[in-house]
Peer 1: 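Take this structure, written in structure tokens, and hold onto it; I'll ask about it next.
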Amino acid sequence: MTSYLEVRDLSKRFGDFTALGNISLDVAEGEFVCFLGPSGCGKTTLLRAIAGLDPQSSGTIRQKGRDVSALPPAQRDFGIVFQSYALFPNLTVTDNVGYGLVSRRQGRAAIGARVTELLALVGLPDSGSKYPAQLSGGQQQRVALARALATSPGLLLLDEPLSALDARVRLRLRHEIKALQRTLGVTTIMVTHDQEEALTMADRIVVMNHGAIEQVGAPQDIYRGPATAFVADFVGSMNFLDGTLEAPDKVKVANLAFACPRQEGLAVGTKVRLSIRPEDVRVRDLPADVANRVAVEVTELDFVGAFCRATLKVGGAGDVTLVADFSSNLIRDLGVAIGSRLDVALPPDRVRIYAA
Amino acid sequence: MGLSRDDLIMRGGLVVLAGVLLLIVGLPLWALLAKGFEDGDGRYVGLANYVSYFSTPAMFNSALNSFHVAAVSTAIVVPVAFLYAYALTRAVLPARWLFQGISLIPIFAPSLLPGLALVYLFGNQGFFKVLLGGSSIYGFDGIVIAQVFYCFPHATMILVTALATADARLYEAADALGASKPRVFFTVTLPGAKYGLISAALVVFTLVITDFGIAKVIGGNFNVLATDVYKQVIGQQNFSMGAVVGMVLLAPAALAFVIDRMVQRKQVALLTSRAVPLIPKPKAGRDLFFTVFCATIAAGILTILGMAIWGSLIKYWPYNLSLTLGNYYFSNFDANGWESYFNSLRMAVGAAIVGTALMFVGAWLNEKTRGFGIVRGVVQLLAFLPMAVPGIVLGLGYIFFFNAPNNPLNFLYATMAILVINTVAHFYTVGHLTATTALKQIDPEFESVSASLKVPIWKTFSRVTAPICLPAILDIAIYLFVNAMTTVSSVIFLYASDTKLASVAAVNIEETGATAAAAALCVVIVITSAIVKTMHLLADRFLLGRLQAWRRR
């Protein structure tokens, strides 16, 4: 696989502060990549460096084999959509979408046809004569998308495109953008702090923290096998229990021992954090010899709609607690209530160990 | 970093702008500074001029007088303006717009006007001279009263802005916590307006200390710095001493400016986008009190303006009070006649067009150029400098710089062009700030989008940025026009016989003792500025509404 975009040893410093430290990354042609991380992690800085808007301090960027590291934005090949949309308020939707076409000396008819095509593509065929202020947020976002795609750029950059929208519109646009990207096959990079957005839209996710890449992988791999405790915590919910590695496949938390996948990289005796996702805590039909069985007491039950998030005090282990997701069925069938005592199991293959 | 054609064009533009500002602001001031260290024949004499200034009690006394007048005027204007602004923003007044409009009137007048009106009211032959007992209006008292009139709108505008940006939720919270009215005032209202109060005080102080017209008309034997500069230069042709007095005058104005900038920097946005604007509810007692208060102040302003108008229409004060238009035949009083008025119009239109273009394009270049920090810093400094420089000091610098025989720009001296250039330079800061504020309010990513779409940046400037900023551009143009019509101080050294301006002619006519004709000329200026401002308001309301349909939802 030859990569469409090659980022090598990219760094960005503001005085003493390192916003990006030696980032290297490859993006394949036609791929949808999300930069995911908390605010201030450097994801937008990386996007703006790729666009040439805020040039890097050192490192190189190659796009389609061409070194673009030192080129100003106007000489690179990309379309961009900002969180604010940055639509020109005094121009109609048609003029906004055609803005980049006019300077390419195409005929008026050709431009008109292209704009009509783009507006149909983003589902706004009849809004050409309106001004941005007359559109809803979601509609404005589509216009911004159409404008960015108008010149058929090789790379589409989306800077938190959905975060200014309300929840319902955001959900719908996620699917539309993804479908559009698949249809056009345009290589796309989207910056987001919303893990759900990244999980549903991306082909690959780049999880970032403190100006460095924590993990790169497909959404399922990131969710199922977070490489670091940070990723585990940031993507989805996670229980963390502090303990000590007693054997390569055994962790002691307080006075309880838990089986876990064999750890090769960690020495016996090191402080570790045992982690498991709330939905992986088993309750029903536990075989008699099930591994990692613990007796717990339900101390809190938070109703979240489709399920309940239960806080469980682990018996005989001081103040160790677990969070588990219980379906409504399960709660009804087992008669779970605050104060209930029950046995749960932490399946060893779902347990992950991180150095503390 | 690679540079695109856009980058090169913008950097080139910025270098040109820095050069222009250096020529019209930096070098004239440098020439003034240098002049203070020379004797009459241009030989370097070190600090000799300064030593002689500070060892001449009569000269040094003027500096003390200036401070005294400025301090007293500030102490009167700021509290009055605060109450007036409080009434406009926090009370329910009948005909609020009328009170607001009246408070602005003094801005449209040359500072000469309140001086002339006071002469009519309290002068040697004034209506109310008896009220003064034995004392005279010429001197300290007269200057202070006229300054209060002249500075009142400036302080009021600042304080209205400060008080209008209140968050209703803070008041609701204070009420909910059971705070008493005085406690709310001292813990919420006053802290919210703190920076506005400091800013208003500094602005008034600077205006008074640098004003020339009022002291000229009603100062009598009470000398202040601004009139001393004029006397040294025009009266005694002692340019070096004029430069020294100018530098002494520059010091407090520059200091006030520096303090103001430091205070402004501390001010964080009190009004977040989530704030709920405060809308006053009717309350009989309070509203009655403030209506009476505002009516009194407004009556005072209208009295002074009305006196000037009436005075200009009277045959021979105070012996023949019959009305006449004779005082408006200016050719009977000044060789230029009405021509000076048309000169003023030409100058004001020129300054509005040239200045607005320079200020807006300049602010845009400075905001949007990528990198190039040092040149942008230089431009920023030169753009802020004029605010700290009294007009009469800048005018003096222009004489020294542009009249120097070895200056290739010497040909500009005594032309209409130099008056326009000087006026643009004198009022550069406010225009630059207005443009910068407007540019900061629009989406910073427009240029990024254009770059990604391969559209040249100047095209986005003309198609998007400038049209969006049209209201701010109009504001700058009107500001320049009104100030060009009324300014006296900086142009008084620069006119030639055929480019004399109305405001300067009014000073000259007043010097000959024809008070009524001087008042008439001031009235013509007030009417012109007020008409232009009214047209601006109407244009803002109706024309822009039609041109800028995109602002409607």
Peer 1: Would you say A:S84 and B:F446 make side-chain contact, with heavy atoms under 4.5 Å?
Peer 2: no

Peer 1: What parts of residues 349-368 of chain B touch chain A if we use heavy atoms and a cut-off under 4.5 Å?
Peer 2: none

Peer 1: Using side-chain contact (heavy atoms from CB on, under 4.5 Å) as the criterion, point out the one residue from B:I442, B:T465, B:V449 that pairs with A:F88.
Peer 2: B:V449

Peer 1: Does NZ in A:K64 sit with more than 12 non-hydrogen atoms of other residues, nucleotides or ligands closer than 6.0 Å?
Peer 2: no

Peer 1: Between CG of A:N96 and CG of B:L453, what distance do you get to the nearest 0.5 Å?
Peer 2: 9.5 Å

Peer 1: Counting only heavy atoms closer than 4.5 Å, note whether A:L157 contacts chain B via side chain, backbone, both or neither.
Peer 2: neither

Peer 1: Is there side-chain contact between B:E445 and A:D159, with at least one heavy-atom pair below 4.5 Å?
Peer 2: no

Peer 1: Against chain B, label A:R48 side chain, backbone, both or neither, depending on which of its atoms sit under 4.5 Å from a heavy atom there.
Peer 2: side chain

Peer 1: In Å, rounded to the nearest 0.5 Å, how long is the span from OG of B:S452 to OH of A:Y99?
Peer 2: 11.0 Å

Peer 1: Between B:V455 and A:G100, what is the shortest heavy-atom contact and its length?
Peer 2: CG2-CA, 3.9 Å

Peer 1: Could you pull out all residues at least two apart from A:S11 that satisfy side chain to side chain donor-acceptor pair (under 3.5 Å)?
Peer 2: none

Peer 1: Between B:T460 and chain A, which part of the residue has a heavy atom less than 4.5 Å away: side chain, backbone, both or neither?
Peer 2: both

Peer 1: Is it the case that more than 12 heavy atoms not belonging to B:I374 sit under 6.0 Å from its CD1 atom?
Peer 2: no

Peer 1: Spell out, as yes or no, whether a donor-acceptor pair under 3.5 Å connects the side chain of B:K454 to the backbone of A:L101.
Peer 2: no

Peer 1: Could you tell me if the side chain of B:D6 sits less than 4.5 Å from the side chain of A:P72, heavy atoms only?
Peer 2: no

Peer 1: What part of A:I80 gets within 4.5 angstrom of chain B, counting heavy atoms only: side chain, backbone, both, or neither?
Peer 2: both

Peer 1: Near A:R13 CZ, under 6.0 Å, is it more than 12 heavy atoms from other residues, nucleotides or ligands?
Peer 2: yes

Peer 1: Check whether any side-chain N or O of A:N90 sits under 3.5 Å from a backbone N or O of B:A466 as a donor-acceptor pair, and report yes or no.
Peer 2: no

